[in-house]
Amino acid sequence: MARDIFRGEGGDNLNLDDFPWQKISGFLPFLIIAVVGIVLIAKSAVTVQAHEKAVVLRFGKEKGILPPGLHFLIPFVDKPINVNTQEFSIRLPMGGAENDQTLMLTGDLSAAVVQWTIQFAVSDPAKYLFTMDHDPIPSRNVSHIGAVVEAISQSVMHQLVGDYSIDEMLTDRREEVRAEAQELTETQLARFGIAVRSLQLQRVTPPPRVNQAFDEVNASLQKKEELVNQAKRERNVMLPQALAGKDKLIQEANGYARRRRAEAEGEIAALLAKYEQYKLAPESTRQRLYLEAMEEVLSGDSPITIIDDELPSVLPMMQIGSDPPSGPFSPKGGVR
Amino acid sequence: MNFRGVVLLIVIGMVLGTLFLPSLAYVVDRRELVVVKKFGRVVAQHTEPGFNLKLPIIHEVVRLPRREQFWGGTQNEEIPNLPTSDAFKVEVIPWAIWKITDPKSFVSVLVDTDQAELRVKQIVRGAVRDTITQFSLADLVRSTSRELSFSFRAEATPLEGEMLVEKGSSDQGDPTLDAPTSVTLGRKGIIDQIRTKAIADLASETDESGGGRGIELVDVGIAKIDFVPTVREAAFNRLIALMNASASYHTNEGERLKQEIINRTSAEVQRIQGEGKQQNSQIKGGADADVIRMYAEAMEQVGEFYSFIRTLEAYKKSLTRNSRFILSTNNEFFRLLKSVEGESGP
């Protein structure tokens, strides 16, 4: 080949028919191999995105699962299928609140409007890929797998709400229903390789027609509370007043008792003191005390009549019953 | 030349291969079932994935879905006006999951998935109808016999039959909409029964050749059970009546509670006041008693002296005003009026 080239460069007799063909045919195999090689490499390279996993089929059989990154497979033999593992969220029931879709029968045979959201993602790419069909359902704009998620979540919610009264749904059992719904949905979707990440109850209300009556119930509950609070306020005024009154009576009695005792003690002390002195000279003290008392008594305004005991018949003549201030000595006529 | 020939052969082989391989071989995907027909007659079926060879033109490869198929779950599939055993009318939305199990029978009997779906639909709807009519509404709605709680109307228990929808008030003459209390099977049990029946029905009904349809029900469910519109209206009216009743109940209950609290407080006030008076009397009485005792003790000590002193004091207090004294000279005080000597003592 080197000789050919040398001759071609050096020689004058340029062979147009032979020379280029020989040169190209010399390179052709390499060229073909290179092209084929590039095609094969391009065919064998697989990029798996961060939110994906790739299921590899070798002649249709499941061979393995590829994590995100660049991978090389045997071309024509291995076939990668990328599965989106990103988290999705849907709001159920589909169709919104304007129709009867959101109404659910409750356990007391009433109905409630229940809407919820559910977040889910593919947890097992192989199960997800091989269990349920992914083709769209012809009559609907949803795939088989999408319809399954919807139907199962809806069935679970309807079944749960059917076991609670509307009162419970609207008030204290909401969280219980939510948790149960999440668990049941999770269990039933696991077969399809789908994991439920979370589930939230959104709008839970009475049916639109019943809303006004429901608001009135709430208003009455608040009114009730208000009335009770009013009563408690009154109670909080009445009780302290009564206690204050009680305390007043007790304090007053204590005061009385102290005063009474003090007075009595004082009097007794005085009496005893007097008696101590009296004991020293009883007769003369007794006489003195008597005379002092009589002096005081008789020194008042009261009229005094003194009768000599030698004149025994005077007494019946006197008007003893008449009022002294009206004139003690003026006879009023008539004898008692 | 040798090397060049090999390359040429490879190239030619590859070209021919890409041209004719599809008609010589086929790959069965894990997601597919394959039936091989020879001039229309089924000669082979592949339910497992793999690489297979075939004859061009003579063999025809039919691919079917191996994965499960979903049917139902929408308003379009609703079964309207289903009577329950206690004469309620309900609407039910069923759904089903099915799959092809025997591709050979499938292509002979049903041929395509549309027909298969139609069959699933007919059998599931039949099973739903047959089963649901055997159960009461309560059984359909409830899952357990759990006692329901009614926070809004817990105390507002209506008189017997008062708040309920009157029987025959709607044009269908529905029974009263009492909240169900006991459940024999429950919704889950009924769905299980429907599923069992539908699966059995689909499997048992075979064509004349003795083979099945080649499909199988995997799961059956009920997305929704609801009243028919007339009953729903009645249920709403009942709910409104209940809520109105409980609203007025709560208002009156509030008044009652208020009065109760005030009455109780009044009673407490009375008690407190009584206690106050009681303690007041006790303390005062105690003091008085003490005073009596103290006097008694003192008097024991001083003897007649006390009555003497006390008498004199009483004189001083009581005889000072508006009194008239008639005294005899025989009196100690006036003794001296008659004689200086006097006489000692009265």
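Everything numeric here is computed off the predicted structure, so don't read it as measured data. In what follows, every chain begins at residue 1, and chains take the letters A, B, ... in the order their sequences are listed.
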Check whether A:R191 gets within reach of chain B through its side chain, its backbone, both or neither, counting any heavy atom under 4.5 Å.
-> side chain
Top residue by heavy-atom pair count (under 4.5 Å) with chain A, among B:N252, B:V302, B:I97, B:I225?
-> B:V302
Nearest-0.5 Å distance that lies between atom CG in A:N229 and atom CD in A:Q222 | 11.5 Å
Does B:T144 offer a backbone N or O that forms a donor-acceptor pair with the side chain of A:D163 under 3.5 Å?
-> yes
Heaviest contributor of heavy-atom pairs below 4.5 Å to chain B, chosen from A:N254, A:I137, A:T285, is A:N254
Identify which of A:R258, A:Q212, A:E216, A:M238 forms the greatest number of heavy-atom pairs closer than 4.5 Å to chain B.
-> A:M238
Cut-off 4.5 Å, heavy atoms of chain A, and the answer for B:I240 is both
Whatever's closer than 4.5 Å to a heavy atom in chain A on B:V218 counts as side chain
Over 12 non-hydrogen atoms of neighbours within 6.0 angstrom of CD in A:E295 = no
Chi angles and distances behind the side-chain contact (heavy atoms from CB on, under 4.5 Å) call for A:H134, B:R67 | CA-CA 9 Å; A:H134 290 205; B:R67 297 186 291 189; 3.4 Å; yes
Tell me, for A:L160 versus chain B, whether the close heavy atoms (under 4.5 Å) come from the side chain, the backbone, both or neither.
-> neither
B:R146 NZ/CZ over A:Y164 ring centroid, <6.0 Å and within 45° of normal = yes
Who among A:K61, A:R235, A:K223 has the most heavy-atom pairs with chain B under 4.5 Å?
-> A:R235
B:V28, part contacting chain A, at a heavy-atom distance under 4.5 Å | backbone
side-chain contact (heavy atoms from CB on, under 4.5 Å) between A:R260 and B:D288: does it pass, once the steps are laid out?
-> CA-CA 7 Å; A:R260 194 84 170 75; B:D288 287 345; 3.0 Å; yes
Is the closest basic N to carboxylate O distance between B:E313 and A:K274 below 4.0 Å?
-> yes
Compare every heavy atom of B:G276 with every heavy atom of A:K246, then report the nearest pair and how far apart it is.
-> CG-CA, 3.5 Å
Looking only at heavy atoms, what is the nearest atom pair of A:I166 and A:P206, with distance?
-> CD1-CA, 4.2 Å
Pick from A:T106, A:V148, A:L57: which one has the most heavy-atom pairs with chain B under 4.5 Å?
-> A:V148
Nearest non-hydrogen partners of B:A298 and A:I268, listed with the distance | CB-CG2, 3.5 Å
So what's closer than 4.5 Å to chain B heavy atoms on A:F130: side chain, backbone, both or neither?
-> both
If you count heavy-atom pairs under 4.5 Å with chain A, which of B:I262, B:I283, B:T251 comes out on top?
-> B:I283
Residue part contacting chain A, namely of B:S266, when any heavy atom lies under 4.5 Å | both
What part of A:F192 lies closer than 4.5 angstrom to a heavy atom of chain B: side chain, backbone, both or neither?
-> side chain
Of the backbone (N, CA, C, O) and the side chain (C-beta and beyond), which part of B:F308 lies under 4.5 Å from a heavy atom of chain A, both, or neither?
-> side chain
Does any heavy atom of chain A fall under 4.5 Å from the side chain of B:I10, the backbone, both, or neither of them?
-> neither
Which answer fits B:Q278, side chain, backbone, both or neither, if we ask what part of it has an atom under 4.5 Å from a heavy atom of chain A?
-> neither
Verdict with supporting geometry, B:H46 and B:N52, side-chain contact (heavy atoms from CB on, under 4.5 Å) | CA-CA 9 Å; B:H46 300 284; B:N52 303 88; 3.2 Å; yes
Salt-bridged, B:E91 to B:K224, with N to O below 4.0 Å?
-> no
Residue among B:I272, B:D29, B:V27 with most heavy-atom pairs under 4.5 Å to chain A = B:I272
For chain B, find which of A:P282, A:A242, A:S220, A:G245 contributes the most heavy-atom pairs closer than 4.5 angstrom.
-> A:S220
A:R58 versus chain B, the contacting section by heavy-atom distance below 4.5 Å | neither
Max heavy-atom pairs within cutoff under 4.5 Å with chain B, candidates A:S139, A:A147, A:S143, goes to A:A147
